[in-house]
Amino acid sequence: SPLPVSSDAEPTPTALHPLAGGPVPDSAVELETQTGPDGTERAALQTPSGNIVCVLGSDLHGCGVLSYHDGGQYGSTDRGPRWWFDLSGGARPAVDAAGTSPEDLRSGGEPRVLDYGQVAASGEDVCASEQDGLTCWNARTGHGVHLSREGYQTF
């Protein structure tokens, strides 16, 4: 049966990646880290469309959908539009404001493009890119999110 979708989201029209929530797969490419603007190390990736960006570091740790930022379909907070999913905690992520702009995410360099069909990892974090979206999760907790232009599904 499909996983429940958070109350403020439309269900995504596709299933989660088959590896979602599991351990770091042997086939995963290890993401290179870059030094962010504040001197912290972080890995960054984006989908081939450029619509989904992830930053996995100690200063910022999660993924965002640029069309959610620009379209505002999930509302906003005093920190800005809800477009970001914090993957640093042990709980199921929720859509929120990032406290940063999409442009700020690129200030540490261009993110690696994760081609459709590829799986990448940075430590315990795994992201799988498919034509229907990006699924990212923490291999230790099993929590994560499937992101697409159409909507998202947390798990």
Side-chain angles (χ1 to χ4, degrees), residues 2-17 19-21 31 33-38 40-116 118-139 141-155:
L3 294 171
V5 176
S6 56
S7 61
D8 58 348
E10 293 298 316
T12 52
T14 56
L16 293 173
H17 190 276
L19 300 175
L31 290 170
T33 58
Q34 303 170 347
T35 303
D38 59 357
T40 60
E41 291 292 308
R42 58 190 195 180
L45 67 91
Q46 69 181 9
T47 55
S49 71
N51 188 43
I52 304 171
V53 178
C54 299
V55 175
L56 304 170
S58 59
D59 59 331
L60 190 62
H61 199 94
C63 298
V65 183
L66 303 184
S67 59
Y68 298 177
H69 181 276
D70 298 340
Q73 65 260 49
Y74 296 111
S76 62
T77 72
D78 58 348
R79 295 178 298 133
R82 293 177 193 263
W83 67 289
W84 186 258
F85 295 82
D86 185 343
L87 300 175
S88 65
R92 190 176 182 157
V95 65
D96 198 2
T100 189
S101 72
E103 295 76 28
D104 290 342
L105 298 181
R106 290 190 164 80
S107 60
E110 276 300 308
R112 176 192 174 128
V113 175
L114 190 61
D115 289 329
Y116 300 130
Q118 282 190 318
V119 178
S122 178
E124 297 177 326
D125 295 296
V126 183
C127 290
S129 178
E130 298 291 337
Q131 291 217 332
D132 66 359
L134 183 74
T135 304
C136 292
W137 68 94
N138 181 283
T141 67
H143 291 294
V145 63
H146 172 83
L147 302 166
S148 71
R149 188 173 304 278
E150 294 76 27
Y152 67 88
Q153 182 175 352
T154 60
F155 55 94

Checking the side chain of [X] only, and the main-chain atoms of [Y] only, is there a donor and an acceptor separated by less than 3.5 Å?
X      : Y     : result
Tyr116 : Thr47 : no
Asn51  : Ser67 : yes
Arg42  : Val55 : no

Would you give the length of the straight line joining atom [atom1] of [X] to atom [atom2] of [Y], rounded to the nearest 0.5 angstrom?
X      : Y      : atom1 : atom2 : value
Ser122 : Glu41  : OG    : CD    : 10.0 Å
His146 : Glu130 : NE2   : CD    : 9.0 Å
Ser148 : Gln153 : OG    : CD    : 10.0 Å
Leu87  : Arg92  : CG    : CZ    : 13.0 Å
Leu147 : Thr135 : CG    : OG1   : 7.5 Å
Leu45  : Cys127 : CG    : SG    : 5.0 Å

Heavy-atom closest pair, residues [X] and [Y]:
X      : Y     : answer
Trp137 : Leu19 : CZ2-O, 3.2 Å
Ala20  : Leu16 : CB-CB, 4.2 Å
Phe155 : Pro93 : O-CD, 4.1 Å
Ala97  : Trp84 : C-CB, 4.2 Å
Arg82  : Tyr74 : CD-O, 2.9 Å

Residues in side chain to side chain donor-acceptor pair (under 3.5 Å) with [X], at least two apart?
X      : result
His143 : none
Thr141 : none
Ser129 : none

Taking the side chain as every heavy atom from C-beta outward, state whether Thr77 and Asp96 have any pair of such atoms under 4.5 Å apart.
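Result yes, sub-4.5 Å side-chain heavy-atom pair found.
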Please tell me if the side chains of Pro102 and Trp83 come closer than 4.5 Å, counting only heavy atoms from C-beta onward.
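Contact flag for Pro102/Trp83 side chains = yes.
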Side chain to side chain contact (heavy atoms under 4.5 Å, CB included) partners for Asp70, two or more places apart:
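Residues passing side chain to side chain contact (heavy atoms under 4.5 Å, CB included) with Asp70: none at all.
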Show me the pairs that pass disulfide (SG to SG under 2.5 Å) and involve residues 55-84, at least two apart or across chains.
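Of all non-adjacent pairs touching residues 55-84, those that pass disulfide (SG to SG under 2.5 Å) are Cys54-Cys63.
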With Arg149 via salt bridge (Lys or Arg N to Asp or Glu O under 4.0 Å) - residues at least two apart
none
Could you go through Tyr152 and Val65, starting from their C-alpha distance and side-chain angles, then the distance that decides it, and tell me whether this counts as side-chain contact (heavy atoms from CB on, under 4.5 Å)?
CA-CA 10 Å; Tyr152 67 88; Val65 183; over 6 Å; no
